[in-house]
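Remarks on the structure that follows.
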There are 2 protein chains.
Amino acid sequence: MGLKEKKQKHREEFRREIIEAAKSLFNSEGYDKFSMRGLARKIGYTPATIYLYFRDKDDLLYVISEELFAQLIQSMDRCVKDAPGPLEALRQSLISYVEFGVSHPAHYRAAFFTNPNVYGSPEEFLEKESLSRHAYCQGRQLAAECIAAGKLRQMDVDVIAQILWTGVHGMVDALLKGLGK
Amino acid sequence: MGLKEKKQKHREEFRREIIEAAKSLFNSEGYDKFSMRGLARKIGYTPATIYLYFRDKDDLLYVISEELFAQLIQSMDRCVKDAPGPLEALRQSLISYVEFGVSHPAHYRAAFFTNPNVYGSPEEFLEKESLSRHAYCQGRQLAAECIAAGKLRQMDVDVIAQILWTGVHGMVDALLKGLGK
DNA sequence: CCATAATGCTTAACACTGTTTATTTTAATG
DNA sequence: CATTAAAATAAACAGTGTTAAGCATTATGG
């Protein structure tokens with residue numbers, strides 16, 4: 001009987017409503033001002049209701065972050081498609097990472113600057129198959145292709161990938177802090 | 001009469017006691033678990049007492065951070081003294097920055113990864129004459145000397161300084177997250 | 001059609017947080 | 001010793017994330 005499916009749909013629509021409200025609140029109020037109670041107020045429900053749709057605050061933030069990383073991956077894919085070669089693809093991907101970071105400050109902060117992290121401990125991050133991790137691996141893949149094509153000096157792929165990520169991440173952080181003057 | 005001075009000394013000794021307890025609690029419990037109430041419990045006083053010695057939580061964290069930056073500056077000075085030339089001095093200073101960061105994770109997080117920041121808004125950071133800022137300027141000075149000595153390509157000092165800081169900061173962040181495998 | 005079961009939501013509480021005000025205790029001074 | 005100044009506190013305010021218990025409303029099986 002299709003009633004149960006309709007129930008399920010209703011449930012997921014409400015989930016979406018919460019996520020969208022959370023995203024909006026998150027962007028307007030910033031990470032530290034964001035609260036479950038405030039979100040509940042915004043959607044016109046009791047705080048406890050949110051917990052029927054999300055395990056806890058971290059779960060909600062995780063879902064939001066993952067959706068943003070999906071966007072980043074899309075953007076990186078576009079870079080790869082449009083680029084004439086692997087080096088340019090890598091270059092543009094790194095640029096799109098920085099753009100991604102600076103255009104979603106609160107989310108970027110939540111994903112990378114806070115503790116306890118929404119992506120759990122470093123070990124959990126490495127084990128769990130998140131979109132965040134997927135984006136990183138995609139960057140590493142690009143670097144590998146550059147090495148294979150002789151466009152980048154021969155070296156450990158993980159080393160170069162981490163150097164590159166360290167660079168763009170530091171860049172984003174500096175820009176978010178307004179240290180780029 | 002020297003009694004008032006002795007009062008003052010007592011006051012400062014108590015301040016130190018709070019700072020030391022806070023530092024210890026900070027390192028053992030981490031940034032997010034640190035609380036004024038927990039600190040008060042630790043030193044055997046009421047939370048309100050701390051507010052007779054520090055304006056608020058941010059003030060206390062600021063003082064702690066500044067003391068750590070004083071250490072960093074000392075370490076950088078040693079690098080400059082021991083190095084044979086400006087380039088090596090810069091190199092060693094950058095290394096000591098990373099070492100500084102990874103050996104004081106909770107403090108580093110508080111100083112750089114949280115919002116609201118203990119160093120206030122980016123504008124306030126640039127205006128206020130903090131030791132944090134002093135350390136940065138010292139690094140820039142080293143870079144300038146390298147350029148002057150022809151050891152570094154001629155370019156805008158602020159640009160190279162920010163590139164370097166971005167690099168080591170990203171490095172520390174990656175290491176703190178355990179992404180260095 | 002109605003009793004039963006399940007669902008969705010809320011109320012109320014727990015255990016915290018930072019911070020302030022008024023009050024009491026403690027210590028120093030005239 | 002009484003008075004005054006300083007230090008510490010109790011109690012409250014306003015907020016946080018989270019959960020267990022209760023109350024409706026809705027769907028289902030007899």
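Just so it is clear, the model here is predicted, and its values are computed rather than measured. Every chain is numbered from 1 and lettered A, B, ... according to where its sequence line falls, protein lines coming before strand lines.
- OP1 or OP2 of D:dA7 has not a single side-chain nitrogen or oxygen of B:R15 nearer than 4.0 Å.
- With the end axes of the helix from C:dC1-D:dG30 to C:dG30-D:dC1 each set by five pairs, the angle from one to the other reads 30° at 10° resolution.
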Produce the list of close N/O pairs, under 3.5 Å, pairing protein atoms with atoms of nucleotides 17-19 of chain D; give distances to one decimal.
{"from": "D:dG17", "atom 1": "OP1", "to": "A:M36", "atom 2": "N", "distance (Å)": "2.9"}
{"from": "D:dG17", "atom 1": "OP1", "to": "A:K57", "atom 2": "NZ", "distance (Å)": "3.2"}
{"from": "D:dG17", "atom 1": "OP2", "to": "A:M36", "atom 2": "N", "distance (Å)": "3.1"}
{"from": "D:dG17", "atom 1": "OP2", "to": "A:R37", "atom 2": "N", "distance (Å)": "3.3"}
{"from": "D:dG17", "atom 1": "N7", "to": "A:R37", "atom 2": "NH1", "distance (Å)": "2.4"}
{"from": "D:dG17", "atom 1": "O6", "to": "A:R37", "atom 2": "NH1", "distance (Å)": "2.9"}
{"from": "D:dT18", "atom 1": "OP2", "to": "A:Y51", "atom 2": "OH", "distance (Å)": "2.6"}
{"from": "D:dT18", "atom 1": "OP2", "to": "A:K57", "atom 2": "N", "distance (Å)": "2.9"}
{"from": "D:dT18", "atom 1": "O5'", "to": "A:Y51", "atom 2": "OH", "distance (Å)": "3.3"}

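- Between A:W165 and A:Y136, the ring planes lie perpendicular to each other; the angle is over 60°, past the 30° to 60° tilted range.
- Among residues two or more places apart in sequence or in another chain, the side-chain hydrogen bond (donor to acceptor under 3.5 Å, both in side chains) test is passed with A:E67 by A:R16, A:K23.
- A:E127 pairs by the side-chain hydrogen bond (donor to acceptor under 3.5 Å, both in side chains) definition with nothing, not counting sequence neighbours.
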Can you pull every protein N or O that's under 3.5 Å from an N or O on nucleotides 6-9 of chain C?
{"from": "C:dC9", "atom 1": "OP2", "to": "A:Y53", "atom 2": "OH", "distance (Å)": "2.7"}

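- For the side chain to side chain contact (heavy atoms under 4.5 Å, CB included) test with B:S65, the passing option among B:V118, B:L131, B:L60 is B:V118; the others fail.
- Other residues, nucleotides and ligands contribute over 12 non-hydrogen atoms within 6.0 Å of the CD atom of B:E13.
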Output a table of donor-acceptor pairs, distance under 3.5 Å, between side-chain atoms of residues 137-148 of chain A and any protein atom two or more places apart or on a different chain; print 'none' if there are none.
{"from": "A:Q138", "atom 1": "OE1", "to": "A:H134", "atom 2": "NE2", "distance (Å)": "3.2"}
{"from": "A:Q138", "atom 1": "NE2", "to": "A:D77", "atom 2": "OD1", "distance (Å)": "2.7"}
{"from": "A:R140", "atom 1": "NH1", "to": "A:D158", "atom 2": "OD1", "distance (Å)": "3.1"}
{"from": "A:Q141", "atom 1": "NE2", "to": "A:E145", "atom 2": "OE2", "distance (Å)": "3.2"}

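- A heavy-atom distance below 4.0 Å to DNA chain C is reached by none of the residues of residues 17-26 of chain B.
- One atom, NE2 of A:H10, and another, P of D:dT25, lie 17 Å apart when rounded to the nearest Å.
- Among residues at least two apart or in separate chains, salt bridge (Lys or Arg N to Asp or Glu O under 4.0 Å) pairs with a member in residues 83-106 of chain B are B:E88-B:R91.
- One interatomic measurement links the two molecules: CD1 of B:I50 to P of C:dT17, which rounds to 11 Å at whole-angstrom precision.
- For B:S75, the side chain to side chain contact (heavy atoms under 4.5 Å, CB included) partners at least two apart in sequence or on another chain are B:R78, B:S96.
- In this structure, B:R41 atom CZ and D:dT9 atom P are separated by 14 Å, rounded to whole Å.
- Residues passing the ring-ring contact (aromatic ring centres under 6.0 Å, His included) test with A:F54: none are found, sequence neighbours excluded.
- Taken to the nearest 0.5 Å, the CG atom of A:L39 stands 10.0 Å off from the NZ atom of A:K57.
- The side chain to side chain contact (heavy atoms under 4.5 Å, CB included) search around A:N27 returns A:H107, not counting sequence neighbours.
- Sequence neighbours left out, the pairs with a member in residues 33-50 of chain B that pass side chain to side chain donor-acceptor pair (under 3.5 Å) are B:S24-B:K42.
- Between A:F26 and A:H104, the gap from one ring centroid to the other reaches at least 6.0 Å.
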